[in-house]
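Notes follow the structure.
One-based numbering, in listed order, for ligands and for the atoms of each.
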Amino acid sequence: MCGIVGYIGKKDALPILLDGLRRLEYRGYDSAGVLVLGKSANLAKVAGRVDDLEKEIAKKDFSGNIGIAHTRWATHGKPNKANAHPHTGCNKNFYIVHNGIIENYKELKQELQKNGHKFSSQTDSEVFAHLIEEEFKRYHNFEAAFKNAIARVRGAYGVLAVCKDDKEKILIARKSSPIVIGVGKDEYIIASDISAILGRTNNIIYISDDEIAVCENNEIRISNFKNEAIGKKVHKVDLSYKQAEKGNFDTFMKKEIFEAPEVIKNAIRGRIVQEEGTVKFGGLDDAQEKLKETKRIIIVACGTSYYAGLLAKYWFEELACMHTDVELASEFKTRNVVLGKNDLVVAISQSGETADTLGAVLEAKRKGALTLGIVNVVGSSIARETDIGIYNRAGPEISVASTKAFISQATVLLLLAIFFARKNTMGQDKGREIISEIENLYAKVGQVLGQQKQIENIAKKYSKYKSFMYLGRKYNFPIASEGALKLKEISYIHAEGYAGGELKHGPLALIDKNFPSFCVATKGSAYDKMLSNIEEIKARNGKVIAIATQGDKKIVKFADDVVYIPKSSEIISPILSVVVFQLFAYFVAKYLKKDIDKPRNLAKSVTVE
Ligand code: G6P
């Protein structure tokens, strides 16, 4: 999604703004722009990357201590220079950058056009700049014009505005689109994502919906639409930008896949009560009584987080005997999901900013349900909106395709299943048994990662195919879907994730020698049925790669290629198998020379509906 950076302080704004944009590059975008107010208003925009923007600026005078910058992910209008932000009005006095969607932009545009405004882009965002200009005619004051312009807009926005004739301030407003302010020494860095700020300061102010902030030299004022001042805490964030650097890896995705063992350790740290065979979460303490009453769990999420939720459904049902539904957040929000008094809505989101998931949380709250957030990004919107929560502690995930976040979500969800199970039906011994499996998990994931060379060879062999089937049963069905998603996201190869039992009900028609299948055939209750699936595929000349359990000799007779994972209970093995899928997708994309960290058309955090 779009990225926003703003700077006001004593330093040269340009390098700080460009550095901020670079750190937001991972979110995926198609054009970029920057404005610095110095002796005049210096504006540059390009369709392309931050490097292109830097080239465009070279040799021009961009000195000044205040500026705004933007990376755009096209929604309204093509990704070209005219549509890139910052946008300005007719008299080029006000400049804005905007993230989100203005729902009533057509009406506003028509009205402004009637008043003589000429638009130079196809974006909804440009309306902001003209509206401020129009309101300024009435109020002759930048702040008043900004507030009145914002009040007329419907939709989602994180917006920053500056004025050429009033270079002392950046105005900020937020509704359903993240904005954070870094408070440095004699400077403020404003951004849509904390990673653009880390390294300069760890002191962060989170702006909430319907708040307006004014950043001036040495002063910050925050108010609501009624002009009431709002006091804000400065949070000290325990993150470093180092965690968001590639190190010796060629891509963030590979680095993040290899962080899986660490991520598991972090997810379980301090949460296990070994002697009682149970689990505790600090973030759930406030709602212990209500949680005891929980009868049904409804999980809402998107993308990879949705598949983590689907996997958790099997655990909640099997271990805790709890009725569990998993909903795509976008559907949950629009349907009339009937919620009962003792229902718990669990929102899973790496970024904590996904608009659909946030919308689902708000809808659940409106209906009176207790909401629990499983979120990676500390202080994000979903983390703040949910009643109770558990942080993933996976560290910044930069690659658009999610890998380590899935591992941490799965680990946390398994712990949560034990938490509920021990309140319901599970005995202490069973609790201890699963917990000790979880404690051994990171070492086993390490063994899977140790097979990267073999997985790379298989990926090389199969990278020529245009379509793939991913099959799994029971716990392995959700990860088959996640495996297929990984492949399509970064290699642009068509892949379908199916439950093995469904193969005969349609997808089998696709199978021939050009349509290979990736089958999870690890030891467990679904093993024999998966072997039958593999036979069905082989009988149609389909190639099969199997994920199997170490020591399984039988599988070699069935599959063309086999990747072994360490022995473990079938409850836990999907977390091992998914790492194989992640590495396979990574290597296929590498052989096809794709832009692995920034796949086309995708964004890391989808903050529009
Ligand atoms: C985007 C990303 C996916 C991610 C999904 C949900 O589509 O490209 O990788 O799984 O959003 O994101 P969330 O931050 O809510 O987990």
Residue pair Y391 / V412: nearest heavy atoms and the distance that separates them: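 Shortest heavy-atom separation between Y391 and V412 comes out as O-CG2, 4.4 Å.
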How close do I189 and I197 get, counting heavy atoms only, and between which atoms?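 Between these two residues, the closest heavy atoms are O-CD1, 3.5 Å.
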N/O contact list for ligand 1, threshold under 3.5 Å:
unit_1, atom_1, unit_2, atom_2, d
ligand 1, 8 (O), A603, O, 2.8
ligand 1, 9 (O), V400, O, 3.1
ligand 1, 10 (O), T304, N, 3.0
ligand 1, 12 (O), T354, OG1, 3.3
ligand 1, 14 (O), S349, OG, 3.4
ligand 1, 14 (O), Q350, N, 3.4
ligand 1, 14 (O), S351, N, 2.8
ligand 1, 14 (O), S351, OG, 2.6
ligand 1, 14 (O), T354, OG1, 3.4
ligand 1, 15 (O), S349, OG, 2.6
ligand 1, 15 (O), T354, OG1, 2.4
ligand 1, 16 (O), S305, OG, 2.5
ligand 1, 16 (O), Q350, N, 2.7

How would you list all residue pairs meeting salt bridge (Lys or Arg N to Asp or Glu O under 4.0 Å) that involve residues 378-400, not counting sequence neighbours?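 Of all non-adjacent pairs touching residues 378-400, those that pass salt bridge (Lys or Arg N to Asp or Glu O under 4.0 Å) are K365-E385, E397-K604.
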Find out whether T123 and R72 are in side-chain contact, i.e. whether some heavy atom of one side chain is under 4.5 Å from a heavy atom of the other.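 Yes, side chains in contact.
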Please tell me whether T304 and E482 have a donor and an acceptor in their side chains that are separated by less than 3.5 angstrom.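 Side chains of T304 and E482: pair found under 3.5 Å.
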Indicate yes or no: does R335 engage D325 in a salt bridge with an N to O separation below 4.0 Å.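 Salt bridge between R335 and D325, a charged N being under 4.0 Å from a carboxylate O: no.
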